[in-house]
Amino acid sequence: MSSAKLGSASEDVSRRDANYHPTVWGDFFLTHSSNFLENNDNILEKHEELKQEVRNLLVVETSDLPSKIQLTDEIIRLGVGYHFEMEIKAQLEKLHDHQLHLNFDLLTTSVWFRLLRGHGFSISSDVFKRFKNTKGEFETEDARTLWCLYEATHLRVDGEDILEEAIQFSRKRLEALLPKLSFPLSECVRDALHIPYHRNVQRLAARQYIPQYDAEQTKIESLSLFAKIDFNMLQALHQSELREASRWWKEFDFPSKLPYARDRIAEGYYWMMGAHFEPKFSLSRKFLNRIIGITSLIDDTYDVYGTLEEVTLFTEAVERWDIEAVKDIPKYMQVIYIGMLGIFEDFKDNLINARGKDYCIDYAIEVFKEIVRSYQREAEYFHTGYVPSYDEYMENSIISGGYKMFIILMLIGRGEFELKQTLDWASTIPEMVKASSLIARYIDDLQTYKAEEERGETVSAVRCYMREYDVSEEEACKKMREMIEIEWKRLNKTTLEADEVSSSVVIPSLNFTRVLEVMYDKGDGYSDSQGVTKDRIAALLRHAIEI
Ligand SMILES: CC(C)=CCC/C(C)=C/CC/C(C)=C/COP(=O)(O)OP(=O)(O)O
């Protein structure tokens, strides 16, 4: 505990301090801009020419289906699939013939299965049955085949025992083979064992795969070059978005006005770019980047700095949603309140009304109010010493985890759907949204409960589970990890069963879950962004790929 003094916050109150490190980026993204386009003459023409070449390769009729499957997968993994959405869909429809696989080997079957399931086509895992020997076991020593099989298993749903066996088998064999492999396969396998493709953030997966593909003897030159150029062009757009967000952050001067809070505008941008990277979602990313920034400030105010009286005043002001309410909250919080109202005003004018979907703003505001209520509840647990049951804790923390809110805001931001029904459906926290929210909460709590305990909090999924089921800390953590796997299978199942109303929720639910997997893979990479998070942000947003 420290006795920090801030603005007109009561000076004799003992306050906590999470000791978050300052931004690792300083003003870097305020000014940084790529000169890729300026330094490469005729690059736009080259990009267009290569795009056409890749499109031709993709659509050309061939009887060599394994090569076509491989090519389609490579285009997607290299991060350029968004240019060919229609063509890829048409290819996958042709490939969605249940008898087709009978002549494929295990490698092609695995890629085919992952591609189709990954795009919502129904394919039975029975297609793997014929690769078992008479003893009922898988047998292959080919590392590339094992890698593809391992990647495919991550699309499994509950009850698919054959894929449970396949994952154990392929992981064990790959771990044993890894030291003997050479680049690039060694890196593909290492990356997959760390974070499988299905659970990885697409931009990051593309950034990892581009140099690996480039080193393959079988690469298609034009595809490899197209992927590199496209990555750098997209990076320039992402940098300009982050520059704009950094200016907004700086203008409000949040870091010096709220020194107790995490100064993480670049990390927030990385989070939102991980969820949707395509140029057409630029406005949505800008909006969501500001939302994550302000949410993070509010979370730290409730979790760390504010007194119960102060945060209660803030919650009441959020319920009123009126600039007049700013006089009724402590001075140091006013910048957050003003920033928050401003984001929604901007969003309403530029994104919602411009599309003629005025009704969306009410959903956006309601879901934001809901997360603040859940933060209030957590502050009450802490300040009153109340210990909720496991179920009560989870009910609230599904909301405080933020994924219901971000999924709904991303749906609005993407603006692709016509149906008000989709927002109503997502608002009820259906299984798809719940699975994503639960994975987020389990992963977050597993990585942060110890740090939170050091600043006096005793309520987390791990502790509530231990208390409720009278198990050790180790057992509770093991249980959380098992539940993450269960919820991934549920997420896969619900996304496969998506219908007209729920299909637009698939990408937000999957992609946000993927960001969590990556952001928290080696600890809390958001709060402590000095290590691998910094490297990943640099790879995606700072360094261009060499052509
Ligand atoms: C589950 C999860 C991390 C969701 C992230 C989406 C979200 C609301 C991001 C805003 C920044 C933030 C509060 C990160 C988590 O911090 P924290 O670990 O202090 O969050 P907590 O107070 O909810 O545990």
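Here the structure is a predicted model, which is why all the values come from computation and not from measurement. Whatever order the structure lists ligands and atoms in, that order sets their numbers, starting from 1.
Judged purely by distance below 3.5 Å, without hydrogens or angles, the side chains of Glu366 and Trp321 never pair a donor atom with an acceptor atom. Under 3.5 Å, the side chains of Tyr449 and Glu473 contain a donor-acceptor pair of N or O atoms. Side chains of Glu267 and Ser529: a donor-acceptor N/O pair is present below 3.5 angstrom, by distance only. No hydrogens or angles considered: a donor-acceptor pair under 3.5 Å links the side chains of Glu378 and Ser400.
What sits closest to atom 1 (C) of ligand 1 on the protein, heavy atoms only, is Gly401 O, 3.4 Å. Closest protein heavy atom to atom 22 (O) of ligand 1: Asp303 OD2, 2.7 Å. In terms of protein heavy-atom proximity, atom 10 (C) of ligand 1 is closest to Ile292 CG1, 3.5 Å. The closest protein non-hydrogen atom to atom 16 (O) of ligand 1 is Arg262 NH1, 3.1 Å.
Evaluated for a side-chain hydrogen bond (donor to acceptor under 3.5 Å, both in side chains) with Ser282, the options His276, Glu241, Glu244 yield exactly one hit, Glu241. Checking Leu78, Ile545, Val201 one by one against Arg207, the side chain to side chain contact (heavy atoms under 4.5 Å, CB included) holds for a single residue, Ile545.
Residue-ligand proximity, Ser400 to ligand 1, at heavy-atom distances under 4.0 Å covers atoms 23 (O). The ligand atoms of ligand 1 that sit less than 4.0 angstrom from a heavy atom of Asp444 are 1 (C), 3 (C), 18 (O), 20 (O), 21 (P), 24 (O). Close approach to Tyr520 involves these atoms of ligand 1, each under 4.0 Å from a residue heavy atom: 3 (C), 15 (C). The distance from ligand 1 to the heavy atoms of Ala440 drops below 4.0 Å at these ligand atoms: 1 (C).
Contact between Phe406 and ligand 1 is present, with at least one heavy atom of the residue lying under 4.0 Å from the ligand. Using a non-hydrogen distance threshold of 4.0 Å, Glu452 registers as a contact of ligand 1.
Distances from atom 17 (P) of ligand 1 to the heavy atoms of Asp299, Asp445, Thr448 put Asp299 nearest.
Looking at Tyr337 and Met333, their side chains never come closer than 4.5 Å, going by heavy atoms from C-beta outward.
At a 4.0 Å heavy-atom cut-off, ligand 1 does not touch Asp300 at all. Contact annotation: for Met405 versus ligand 1, there are no heavy atoms closer than 4.0 Å.
Checking only distances, Arg441 does come within under 3.5 Å of ligand 1, N or O to N or O.
Between Phe277 and Tyr82, the ring centre distance stays below 6.0 Å. You'll find the ring centres of Tyr260 and Tyr20 outside the 6.0 Å limit.
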